[in-house]
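Proteins come first, then strands; the chains are lettered A, B, ... in the order of their sequence lines, and each starts at number 1. Worth knowing before you read on, the calculation uses all heavy atoms, side chains too, and leaves out hydrogens, waters and symmetry mates.
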Amino acid sequence: ASPVARDSSFPSSGEMAALKEEVEEKKKLIATLRNKPWRMKRRLTLLKEAQDFVEKFEGALGKGKGRKLFAFKVMMAKKLIKLKRDFENFKTACIPWEGKIKDVESHFGSSVASYFIFLRWMYGLNMVLLGLMFGLVVVPEVLMGLPYGSIPRKTVPREEQATAMDYSTLTDFEGYFKYSILFYGYYNNERQIGLLKFRLPLSYLLVGVGIFGYSLMVVIRTMARNANEGGDGGDEGDFTFSWKMFTSWDYLIGNPETADNKYASITTSFKESIVDEQMNQKDENIHLRRFLRVLANVLILCSLGGSGYLIYYVVKRSQVFANMNKDDLTWMEKNEVEFVMSLLGLVCPPLFEAIAELEDYHPRIALKWQLGRIFALFLGNLYTFLFALFDEVNAKLESEKDIKNATILALNEYAANYSSYYNTTNVPPQNVHPADVIRGPCWETAVGKEFVKLTVSDIQVTYLTILVGDFLRAVIVRFLNYCWCWDLEAGFPSYGEFDISGNVLGLIFNQGMIWMGAFYAPGLVGLNILRLLSSMYYQTWAVMCTNVPHERVFKASGSNNFYMGLLLLVLFLSLLPVVYTIMTLSPSFDCGPFSGQEKMYDVVMETIDQDLPAFIGNIFVYATNPGLIMPAVLLMVLALYYLNAVSKGYQQANIDLKKKMQMAREEEKNRRNNKDSTNQVMKDLEDLLPNKSLIPPPAEEDRSPKVKPGAAGKGVHLQRDVSLAAPNPRDPVTRDPGPRRGPPENARGPQPGQD
Amino acid sequence: MGTTASQLGKDLLSEYQELTFLTKQEILLAHKRFTELLTKDEKDLPNTRVPAERILTLPELKSNPFRKRICHVFSTSEQKDGSLTFEDFLDLLSAFSDSATLEIKSHYAFRIFDFDDDGTLDCGDLEKLVNCLTGETDETRLTTEEMRQLINNILEESDIDKDGTVNLSEFQHVISRSPDFVSSFKIVL
């Protein structure tokens with residue numbers, strides 16, 4: 001209905017309001033036009049109509065007072081919309097590697113591409129972490145802190161200076177690398193540095209904790225977004241066949257070979273599921289199967305335990321080596337720990353797969369078990385490594401105490417000698433070159449060094465595996481095929497397939513190591529960025545060049561949140577050691593930004609005491625009072641319980657609605673066929689009623705609910721969306737409301753002719 | 001609104017941006033790819049209609065088992081021959097784009113799967129659908145027994161009112177719970 005057109009006369013306030021509403025409606029229509037499944041021509045005409053209307057009458061609305069302001073506001077709104085749209089376009093254009101990923105997608109399908117999308121997401125996350133770490137910690141220290149060589153912690157000790165530039169020292173992250181911004185030990189503990197009075201120790205601590213906070217926020221936000229898009233995942237098993245039918249084809253596939261593979265895999269999965277559904281589990285010899293499964297689990301537990309012990313042993317040995325002379329050790333002995341860990345990560349997963357043959361599970365379940373076991377392996381290895389490291393840290397703390405005592409003793413001695421020699425009490429400070437000062441064993445730097453070495457060896461092993469396992473294999477298969485007895489390409493070994501789950505798990509654990517190590521080695525984040533960048537290019541090249549599409553396509557369905565969930569778990573697990581060390585271990589006395597403090601978090605207390613107004617300190621004291629924390633925890637538990645109950649209530653309501661829908665359709669179908677109600681409840685009720693007044697007479701109108709008048713108009717008949725509630729009848733009310741007609745009658749929408 | 005093949009007017013571009021889920025770059029890329037399909041004399045005519053055979057040479061559509069249905073659904077020609085104008089092409093890309101809503105995608109998916117265009121998915125439609133998905137050769141097709149079993153299972157799952165067909169709302173109900181639909185129902189130039 002178009003409003004009454006008034007050209008020159010001033011519209012009354014009532015008409016103004018109606019006009020304003022019309023304008024708002026048209027604006028909403030413009031915004032939602034793209035959501036309507038109409039033809040472009042129709043949308044274009046509607047858009048023009050709506051836009052003309054809005055322009056014409058928006059001007060009219062502005063007549064009178066404040067017209068100029070109104071026109072200005074309208075213009076600004078338009079410009080804002082245009083700006084937003086341009087910004088959206090710019091943002092999409094800025095997303096890196098979109099072309100590469102699309103290439104991979106069209107060749108290998110969306111599940112392989114999902115790994116690269118995950119890689120890109122990780123890259124984004126690490127960029128932010130890099131920005132935080134570098135911008136707030138490294139750059140201030142470099143620009144405003146003391147330069148290299150000015151204080152002991154920033155200088156290579158005299159004994160090491162001869163070998164400080166050697167390649168072997170550098171690859172071991174000793175020498176100049178150890179006393180650089182890469183590691184914790186370099187940073188000075190001055191409370192405020194430079195002109196800006198930048199509080200570096202405080203910033204270091206806050207950034208260290210902030211990295212975890214930011215990562216947590218981003219991971220949870222992504223999980224929530226995935227959960228929204230993918231449904232609640234609760235009904236996963238309900239529509240297996242329909243989903244296979246309607247959603248199994250990947251429309252991004254543009255390569256005929258991939259398409260053929262996809263056809264084959266879809267056919268196989270259809271046949272499999274049909275057989276699955278039909279087959280009654282003939283449990284022949286269930287006892288044998290159970291025994292085999294228990295045996296398999298025992299074997300795997302043994303191997304997990306074995307690998308854990310191996311790592312512990314190797315770390316202990318490395319501590320012994322660390323005390324020996326560096327030149328006596330071979331390369332193998334120096335890098336034993338990293339080598340063993342990477343080797344385990346390489347050898348154990350195929351071992352687990354081989355053992356899992358005993359179990360005879362359905363492939364999907366077997367995959368879940370495999371992923372779980374690999375996860376347990378990595379976790380076990382990492383934590384064993386941490387425990388072994390922890391012993392080392394304690395040992396260093398002990399030796400630090402001794403050195404500290406020795407230094408104090410030496411200082412006292414010097415003071416005593418000086419005063420006795422020169423007979424004064426005013427002792428000038430010792431004039432020692434920074435390189436000659438006695439150093440404590442900086443345990444934080446040692447820990448950081450271990451993580452950096454681990455990451456580097458992980459990178460090396462991954463790249464080497466791809467080179468040998470994929471590239472060399474492909475070259476051999478391709479060129480040796482000409483002179484080999486059997487067809488290498490079709491039989492063994494043939495080209496490799498891209499191992500999605502292995503790569504994703506590797507990425508997740510790499511990130512876990514970065515999170516753990518970033519507090520002790522700020523440069524680790526930068527190293528990781530380089531790794532992710534090179535990984536993207538290297539792996540896209542390797543995949544396109546040496547891999548073939550999977551024979552059996554495992555959908556990335558629901559796995560998105562599975563991997564995010566793993567990432568979240570790894571985040572928590574890497575948070576624990578760092579927080580523990582911050583809270584309980586005392587920092588080294590001569591290196592790092594917290595040197596001289598009792599505990600690392602003392603910087604925060606210091607800042608609160610000295611720099612912030614007094615009442616904030618009081619607030620903190622009250623907030624950390626157990627009497628306040630306990631009720632807060634209790635409140636959170638209660639909130640969790642309440643939300644859980646609400647969610648259960650919603651699920652129940654869902655089920656009820658579904659049942660209602662089913663019942664309604666059944667009723668209608670029965671009424672259509674003039675049959676009695678098949679629903680037992682209704683039947684009982686009807687039998688009790690005197691004249692069956694609940695059943696309305698069959699409708700006389702034309703029963704062609706499938707024709708939607710005039711909508712598509714292209715020879716396609718669509719059924720209007722069915723709703724349970726009776727829609728608003730648009731004709732005037734001329735008769736009294738009849739007997740309760742119930743929802744099913746009007747469920748098909750207003751009859752033709754009423755629109 | 002005619003679009004000559006050489007240039008896409010600025011007003012038209014902004015209108016298309018308003019009406020579709022595509023960004024400006026995507027619309028311009030679509031325009032470029034569309035004009036590549038035109039012959040020399042067709043390039044000067046406004047609102048040219050490209051026959052289905054040429055559309056199907058696009059690599060993004062070439063390997064798709066539903067390519068003919070897609071052309072048919074998005075075509076606005078009276079002869080129902082599957083030919084597309086540029087605006088139809090934009091409609092296609094918009095429905096298949098990354099930012100299209102679930103409702104639009106499921107609506108069009110329903111129309112594509114509805115082989116006989118009667119507004120519901122009945123046994124005949126489902127059978128043709130399965131045959132499309134399992135490829136062309138006889139050895140990859142399902143036997144009649146397997147087909148019957150499969151269609152029974154599907155109807156059991158999705159046909160809520162038990163009328164033997166899957167209508168649009170039942171289809172949308174099933175699709176909305178699927179985690180992969182939105183990500184697999186995508187075509188990007």
Counting C-beta onward and ignoring hydrogens, is there a side-chain heavy-atom pair between [X] and [Y] closer than 4.5 Å?
X: B:Thr76; Y: A:Met40; value: no
X: B:Gln17; Y: A:Glu88; value: no
X: B:Glu87; Y: A:Leu44; value: yes
X: B:Asp91; Y: A:Trp38; value: no
X: B:Glu18; Y: A:Leu33; value: no

Where is the tightest heavy-atom contact between B:Leu133 and A:Met245, given as atom of each residue plus distance?
CD1-O, 3.3 Å
For B:Ile104 against A:Pro37, the heavy-atom pair lying closest together
CD1-N, 4.0 Å
For the atom pair [atom1] ([X]) and [atom2] ([Y]), what is the distance rounded to the nearest 0.5 Å?
X: B:Leu90; Y: A:Arg43; atom1: CG; atom2: CZ; answer: 9.5 Å
X: A:Asp250; Y: B:Ile187; atom1: CG; atom2: CD1; answer: 10.5 Å
X: A:Leu252; Y: B:Phe96; atom1: CG; atom2: CZ; answer: 10.0 Å
X: B:Asp88; Y: A:Arg39; atom1: CG; atom2: CZ; answer: 6.0 Å

Chain A heavy atoms under 4.5 Å from [X]: which part of the residue, side chain, backbone, both or neither?
X: B:Glu78; result: neither
X: B:Ser94; result: neither
X: B:Ile27; result: neither
X: B:Leu121; result: side chain
X: B:Gln25; result: side chain
X: B:Leu58; result: neither
X: B:Ser14; result: both

With a sphere of 6.0 Å drawn around [atom1] of [X], does it hold more than 12 non-hydrogen atoms of other residues, nucleotides or ligands?
X: B:Lys186; atom1: NZ; value: yes
X: B:Lys128; atom1: NZ; value: yes
X: B:Lys105; atom1: NZ; value: yes

Go through A:Lys48 and B:Glu15 one step at a time and tell me if the side chain to side chain contact (heavy atoms under 4.5 Å, CB included) criterion holds.
CA-CA 9 Å; A:Lys48 286 231 161 17; B:Glu15 275 171 11; 2.7 Å; yes
Could you check which of A:Ser242, A:Gly254, A:Pro256, A:Ala259 has the highest count of heavy-atom pairs closer than 4.5 Å to chain B?
A:Ser242
Just so I understand: if I count every heavy-atom pair under 4.5 Å between each of A:Thr45, A:Asn35, A:Ile30, A:Ile253 and chain B, which residue has the most?
A:Asn35
When you look at B:Asn64 and A:Tyr251, which way does the side chain to side chain contact (heavy atoms under 4.5 Å, CB included) test go after all the steps?
CA-CA 7 Å; B:Asn64 197 311; A:Tyr251 287 70; 3.2 Å; yes
Pick from [options] with the largest number of heavy-atom pairs that fall under 4.5 Å of chain A:
options: B:Leu150, B:Val130, B:Thr101; value: B:Leu150
options: B:Ala109, B:Pro65, B:Ser158; value: B:Pro65
options: B:Leu126, B:Ile175, B:Val166, B:Ile70; value: B:Leu126

At a 4.5 Å cut-off on heavy atoms, which part of [X] comes close to chain B: side chain, backbone, both, or neither?
X: A:Asp260; result: neither
X: A:Leu46; result: neither
X: A:Ile266; result: side chain
X: A:Lys36; result: backbone

Test item: A:Trp243 side-chain N/O and B:Val174 main-chain N/O as donor-acceptor pair under 3.5 Å
yes
Would you confirm whether the ring centroid of A:Phe246 sits within less than 6.0 angstrom of the ring centroid of B:Phe113?
yes
